[in-house]
Protein chains: 2
Amino acid sequence: MASSSVPRLKDVAEKAKVSVGAASRILRGDQDRFAQDTCDRVLEAARELGWRRNLLVNGIQTGRTQTVGVLIPPYDSFWVSILSGIHTRLSSADYLPITVWSGDLKHMPHFEADNQEGFRTITRLLDRRVDGIIMWPPFSLAYHDHFPELRERRVPVVVIDHRTENPVADTVVTNEAKAAKAIAKHILDLGHRRVACISSRETLAQSWALERRTSFEEAVTACGDVEMKSWRLNETGSNGAEVAYELLTDSLKPSAVFAVTDHEAAFVYEAAHKLGLKIPEDISVIGFADLDFAAQMSPPLTTVRQRPYEIGVETASLVLSRIETGEAVSDFSTSKIDADLVVRESTGPAKDRA
Amino acid sequence: MASSSVPRLKDVAEKAKVSVGAASRILRGDQDRFAQDTCDRVLEAARELGWRRNLLVNGIQTGRTQTVGVLIPPYDSFWVSILSGIHTRLSSADYLPITVWSGDLKHMPHFEADNQEGFRTITRLLDRRVDGIIMWPPFSLAYHDHFPELRERRVPVVVIDHRTENPVADTVVTNEAKAAKAIAKHILDLGHRRVACISSRETLAQSWALERRTSFEEAVTACGDVEMKSWRLNETGSNGAEVAYELLTDSLKPSAVFAVTDHEAAFVYEAAHKLGLKIPEDISVIGFADLDFAAQMSPPLTTVRQRPYEIGVETASLVLSRIETGEAVSDFSTSKIDADLVVRESTGPAKDRA
DNA sequence: CTGAAAGCGCTTACAG
DNA sequence: CTGAAAGCGCTTACAG
């Protein structure tokens with residue numbers, strides 16, 4: 001039957017017949033300094049009124065809001081798991097994430113359409129005084145562009161899957177080189193010597209794709225007698241099916257294809273189906289990420305299982321420790337998380353060794 | 001080269017040689033009352049210092065933080081699209097979502113393990129003074145349980161896909177009855193007369209499943225000469241494959257199965273495959289939701305496409321308008337969003353009409 | 001046209 | 001052991 005909606009500390013203090021200061025101290029646990037009896041009265045009053053500290057006040061007093069801005073959309077199961085790791089880790093430290101992503105998820109490329117827009121989004125978060133920010137590649141670009149203005153806010157930023165020449169933030173990535181070697185070994189061990197790679201668009205926001213492809217190329221060509229050739233999608237990423245088709249019908253006549261993510265692997269499946277090529281009898285296909293649909297494909301896709309949940313946890317831990325330290329950093333760190341080859345049924349021995 | 005990290009209004013005022021009050025008014029756009037020259041100085045100073053209003057202060061002064069708590073995990077593509085709709089709508093009103101979900105997404109049932117935990121989560125949001133809350137069913141249960149304590153906070157709550165006898169919040173749901181009729185009509189038109197339904201667990205948090213199944217049963221049995229029987233999963237939802245198997249081998253010998261979501265439909269596919277039953281030749285299967293994998297199944301699944309993005313937008317609009325109005329509501333509303341039958345290849349004519 | 005003052009809800013030295 | 005006062009960053013009647 002309380003008439004005022006939200007009880008103030010003043011109400012508690014009055015009810016317990018103590019000063020606001022005393023009430024504040026007692027409710028913060030500073031109980032040694034007060035008479036048992038006083039403490040009881042205050043605690044009881046607070047309970048009865050249902051008083052809860054206004055965390056916003058803490059925010060303006062300490063400069064810490066215990067919130068972290070998270071600029072990652074649930075693009076696919078990889079990013080969803082990353083988000084899961086972030087949320088869990090943040091939650092365990094009693095931090096809350098504030099997430100921003102607008103636009104229909106079906107048209108994800110929009111997320112990188114406009115660095116100006118990205119900057120505005122980052123600014124909105126900063127206006128809310130988030131203690132730190134975690135972002136995926138497209139926003140990292142916007143951040144990089146506006147770094148001079150943003151740096152003065154001294155808000156730690158951790159970026160996932162995005163590396164640049166002059167890093168302006170801590171970074172967490174998958175250990176691409178190591179994974180590439182494992183894939184190359186798997187393919188070469190099966191006897192494949194004509195190898196294709198289908199990459200994604202390799203836009204600025206996809207430095208991971210660039211690195212993944214080149215790491216793979218290096219690892220494969222380290223073995224002398226291999227022919228290999230790489231393809232990539234167009235600017236908008238709309239021609240996956242065509243590129244896959246082109247690749248399979250190329251004069252190289254590849255017996256194995258490495259797709260930079262499972263998404264591209266799906267295009268290869270599609271094209272192979274159209275061409276009447278059997279997987280893995282005619283063509284071996286290997287993906288990357290182990291997205292939720294990979295095991296369901298027919299045949300089940302051989303791929304590299306990244307550790308998105310771990311990436312999320314690691315990323316969150318990194319921001320939290322940067323927040324903790326509170327110092328402006330100049331030497332940004334890079335954490336590399338391993339990934340594991342998962343051999344399923346889309347890869348098999350090369351029939352010919354022409 | 002600013003030495004102090006974040007500029008205060010005081011700094012701006014000093015730089016522009018005006019009082020803090022004047023600076024505040026000018027920066028809020030109250031420029032008519034001030035000399036053009038003064039305005040320019042203040043605006044310029046603010047720009048140079050990179051001053052940005054501390055939104056937390058607004059929060060404590062007005063009692064409005066322009067944030068909405070969102071208790072929805074990205075469980076599957078249905079919920080992801082809902083989140084997308086919510087984020088977009090909220091963003092357009094310059095509100096920001098604060099999302100909470102912990103626990104590994106792989107073990108989603110945890111979300112409903114503990115209403116006490118759910119209550120604590122809601123409380124954490126409230127402590128941050130969110131202006132409103134949107135939640136999915138498992139949290140709705142926690143909210144319902146603790147409604148008496150929570151009501152005093154006067155924070156509007158909108159619940160998705162959860163209906164109870166005594167609603168304690170506005171609700172947005174799919175128009176189950178209408179969808180059920182469309183499905184029933186489709187199945188009956190194809191000549192099926194022995195119909196099975198596989199529901200989910202139908203826990204308290206799955207009132208939608210209960211309603212969906214019963215709506216379907218009603219719609220089907222409205223046609224006189226039909227035999228129908230329903231199954232549902234066990235408490236933990238772990239026996240989908242077995243239930244599907246059981247259903248297909250039941251003495252009913254159903255020629256069509258309606259699965260309460262595409263997830264259950266996938267179990268039916270699996271069981272049919274094991275039994276050597278062809279879809280749709282031997283058994284027609286129809287799902288619900290049109291999840292991201294539905295069109296990829298073989299054969300592509302006939303299902304009901306819900307409108308999650310629209311549900312998200314509608315839900316967000318509802319909280320926003322409740323926040324706007326600011327009054328405690330007693331007559332909670334229920335919005336029903338339509339869903340559309342998508343006929344693909346998993347349903348076909350009944351061969352026999354025994 | 002502009003400033004001084006009180007206030008939002010709470011915390012924390014500083015007195016007593 | 002407890003209270004009065006100043007302060008966090010900003011806003012807004014109220015004076016002048």
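These values consider heavy atoms only, across backbone and side chains, with no hydrogens, waters or symmetry-generated copies. Just so it is clear, the structure is predicted and the values come from calculations on it, not from any experiment.
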Item to check | Nearest-nucleotide 5' precedence on DNA chain D, Cys39(A) against Ala23(B) | outcome: Cys39(A)
Checklist entry - Given atom CG of Asp37(A) and atom P of dT2(D), what is their separation to the nearest angstrom? => result 8 Å
Checklist outcome for this item: Assert: residue with more 5' nearest nucleotide on DNA chain C, out of Arg41(B) and Val57(B), is Arg41(B)
Next on the checklist: Output the rounded distance in Å from CG (Asn58(A)) to P (dG7(D)).
Outcome noted: 20 Å
Checklist entry - What nucleic acid atoms does Thr62(A) come within less than 4.0 Å of, heavy atoms only: base, sugar-phosphate, or nothing? => result nothing
Next on the checklist: Please determine whether a side-chain nitrogen or oxygen atom of Thr38(B) lies at a distance below 4.0 Å from atom OP1 or OP2 of dT2(C).
Outcome noted: yes
Checklist entry - Does a sphere of radius 6.0 Å around CZ in Arg120(A) hold more than 12 heavy atoms from other residues, nucleotides or ligands, not counting ones at 6.0 Å or beyond? => result yes
Next on the checklist: From the set dG3(C), dG9(C), dT2(C), return the single nucleotide nearest to any side-chain atom of Ser19(B).
Outcome noted: dG3(C)
Checklist entry - Which nucleotide sits closest to the side chain of Trp51(A): dG3(C), dC10(D), dC10(C)? => result dC10(C)
Item to check | Proximity to the side chain of Val18(B) - top-ranked nucleotide from dG3(D), dG3(C), dT2(D) | outcome: dG3(C)
Next on the checklist: Side chain of Asn54(A) only, heavy atoms from C-beta on: which candidate in dT2(D), dC10(C), dG9(D) is closest?
Outcome noted: dC10(C)
Item to check | Val68(A) backbone acceptor or donor facing Asp131(A) side chain under 3.5 Å | outcome: no
Item to check | Atom-to-atom span, CD1 of Ile26(B) to C1' of dG3(C) - whole angstrom | outcome: 12 Å
Next on the checklist: Would the distance check show the side chain of Asp40(B) and the main-chain N or O of Asp37(B) forming a donor-acceptor pair, the cut-off being under 3.5 Å?
Outcome noted: no
Checklist entry - Any side-chain N or O of Arg129(B) under 4.0 Å from OP1/OP2 of dG9(C)? => result no
Next on the checklist: Tell me the interatomic distance from Leu56(A), atom CG, to dC8(D), atom C1', rounded to whole angstroms.
Outcome noted: 13 Å
Checklist entry - With both distances under 3.5 angstrom, what nucleotide forms a Watson-Crick or G-U wobble pair with dC1(C)? => result dG16(D)
Checklist entry - Checking all strands, does Arg33(A) fall into the base, sugar-phosphate, or nothing category for heavy-atom contacts under 4.0 angstrom? => result base
Checklist entry - Over how many whole Å does the gap from Lys10(B) atom NZ to dC8(D) atom C1' extend? => result 11 Å
Next on the checklist: Does the plane of the ring in Phe332(A) sit parallel, tilted or perpendicular to the ring in Phe147(A)? Use 30° and 60° as the thresholds.
Outcome noted: perpendicular
Checklist entry - Of the nucleotides dC1(D), dT11(D), dC8(D), which has the atom closest to the Val20(B) side chain? => result dT11(D)
Checklist entry - Does atom CD of Glu324(B) have more than 12 heavy-atom neighbours from other groups under 6.0 Å away? => result no
Checklist outcome for this item: From CG of Leu9(A) across to P of dC8(D) the rounded distance in Å is 19 Å
Item to check | Greater than 12 external heavy atoms within 6.0 Å of Glu48(A)'s CD | outcome: yes
Checklist entry - Once you round it to whole Å, what is the distance between C1' of dC8(C) and CD1 of Ile60(B)? => result 4 Å
Next on the checklist: Measure CZ/Arg8(A) against P/dT11(C) and give the value in whole Å, please.
Outcome noted: 14 Å
Checklist entry - If you check every side-chain atom of Ser24(B), which of dT11(C), dT11(D), dT2(D) has the closest atom? => result dT11(D)
